[in-house]
Novice: 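One structure, pasted below without further comment.
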Amino acid sequence: MNKVRMLYEGKGKKLYSTYEEGVLIAEFKDDLTAFNAEKKGNERGKGELNCKISSFLFEILEKQGIKTHYLKRLDAQNILCKKVEIIPIEVVTRNIATGSISKRLGIQEGSVFPFGVVEFYYKDDALGDPIINDEHCKILGITDKQEDLEFLKSQARKINAILKDFFDTKNLKLVDFKLEFGRDDKGEIILADEISPDSCRFWDKTTNEKLDKDRFRQDLGNIKLAYEEVLRRIVS
Ligand code: UDP
């Protein structure tokens with residue numbers, strides 16, 4: 001399968017059309033951004049690591065019956081995926097408090113939640129991706145159906161249950177993660193985008209060492225080593 005035309009370039013990936021209708025190629029980039037792209041960087045080899053990690057995790061989810069846009073990994077840095085129309089909501093699920101929830105609600109970093117806390121953020125860079133509720137989703141015209149929003153939440157919870165257990169066996173804590181969903185050509189909502197150390201937080205179960213994009217956000221160094229460690233653990 002070959003790339004025909006670049007359709008879109010995002011912060012972490014480029015999307016290309018192919019000769020097959022409804023099938024795209026996503027290329028994972030080495031670029032890193034944080035704080036609504038105010039901080040920019042580049043880590044050689046990061047694209048490949050995210051491509052491999054994300055592919056592996058989408059394969060696990062597909063095996064557990066979660067419908068996704070993922071079709072297959074083409075090579076080190078490219079996947080084949082179904083074309084979807086992205087729903088402009090970032091669905092964040094949190095198992096442990098850190099990042100924006102600790103700041104916003106004054107919750108001690110590291111507090112373990114009794115259940116996965118699901119939140120919606122409006123995907124809008126100009127507004128800085130504000131947190132939104134169900135009614136905001138409706139007045140923003142994202143959907144007029146409560147059942148769509150309930151579906152996003154229930155998928156996020158199912159995915160959290162699968163991934164949390166999986167990472168636990170790899171001596172990693174799945175602290176929190178962001179998902180994006182899209183509608184396929186039949187209008188069905190399926191999981192899209194990526195699941196990688198750029199979009200999740202992983203802490204080592206024993207030492208709480210951060211093995212994700214917080215290494216870039218907080219200038220902790222060894223970004224690539226951390227992503228390599230995540231890949232090494234999940235494939236072992
Ligand atoms: N996240 C993401 N993209 C975003 C915002 C957040 O992938 O635009 C992920 C982030 O990596 C973390 C989770 O969503 O795993 C929760 O992030 P949080 O709201 O704490 O944001 P931050 O502290 O990065 O501002």
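Just so you know, ligand 1 is whichever comes first in the structure, and atom 1 is the first atom listed for that ligand. Values reported hereafter were calculated over all heavy atoms of this structure, with side chains retained and with hydrogens, waters and symmetry mates removed.
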Novice: Looking at Asp176, which atoms of ligand 1 are within less than 4.0 Å of one of its heavy atoms?
Specialist: 12 (C), 13 (C), 15 (O), 16 (C)
Novice: How does Asp129 reach ligand 1, if at all, at less than 4.0 Å between non-hydrogen atoms: by side chain, backbone, both, or neither?
Specialist: side chain
Novice: Counting non-hydrogen protein atoms only, what is the nearest one to atom 14 (O) of ligand 1? Give residue, atom name and distance.
Specialist: Lys178 CB, 3.5 Å
Novice: Can you tell me if NZ on Lys170 sees more than 12 non-hydrogen neighbours from other groups inside 6.0 Å?
Specialist: yes
Novice: Can you report which non-hydrogen protein atom sits closest to atom 25 (O) of ligand 1, along with the distance?
Specialist: Ser100 CB, 4.2 Å
Novice: In ligand 1, which numbered atoms sit nearer than 4.0 Å to a non-hydrogen atom of Gly99?
Specialist: 20 (O), 23 (O)
Novice: Does ligand 1 have an atom that lies less than 4.0 angstrom from a heavy atom of Val175?
Specialist: no
Novice: Heavy-atom distance under 4.5 Å between the side chains of Tyr70 and Leu61, does that happen here?
Specialist: no
Novice: Hey, looking at atom 4 (C) of ligand 1, which of Arg104, Glu90, Arg94 has the closest heavy atom?
Specialist: Glu90
Novice: For atom 6 (C) of ligand 1, decide whether some protein heavy-atom distance is shorter than 4.0 Å.
Specialist: no
Novice: Is there side-chain contact between Lys205 and Phe167, with heavy atoms separated by less than 4.5 Å?
Specialist: no
Novice: How many angstroms lie between CD1 in Ile132 and CD in Glu90, if you round to the nearest 0.5 Å?
Specialist: 9.5 Å
Novice: Any heavy atom of Lys123 closer to ligand 1 than 4.0 angstrom?
Specialist: no
Novice: Side chain, backbone, both or neither: which applies to Cys200 and ligand 1 if a contact is any heavy-atom pair less than 4.0 Å apart?
Specialist: backbone
Novice: Can Lys46 be said to sit on top of Tyr227's aromatic six-ring, NZ or CZ under 6.0 Å from centre and within 45° of the ring axis?
Specialist: no
Novice: Do the side chains of Asp125 and Lys11 get close enough for a salt bridge, i.e. N-O under 4.0 angstrom?
Specialist: yes
Novice: Is Arg232 salt-bridged to Glu229, cutoff N-O under 4.0 Å?
Specialist: yes
Novice: With a 4.0 Å heavy-atom cut-off (strictly under), which part of Val92 contacts ligand 1: side chain, backbone, both or neither?
Specialist: side chain
Novice: Taking atom NZ of Lys153 as the centre, report whether more than 12 heavy atoms of other residues, nucleotides or ligands fall under 6.0 Å from it.
Specialist: yes
Novice: With heavy atoms of Asp198 as the reference, note each atom of ligand 1 found under 4.0 Å away.
Specialist: 7 (O), 11 (O)
Novice: Enumerate the atoms of ligand 1 whose separation from the nearest heavy atom of Arg201 is less than 4.0 angstrom.
Specialist: 12 (C), 15 (O), 16 (C), 17 (O), 18 (P), 20 (O), 22 (P), 23 (O), 24 (O)
Novice: Out of all atoms in ligand 1, which are within 4.0 Å of some heavy atom of Arg217? Include the element for each.
Specialist: 10 (C), 11 (O), 24 (O)
Novice: Kindly give the heavy-atom pair with the smallest separation between Arg73 and Cys51, and that separation in Å.
Specialist: CD-SG, 3.8 Å
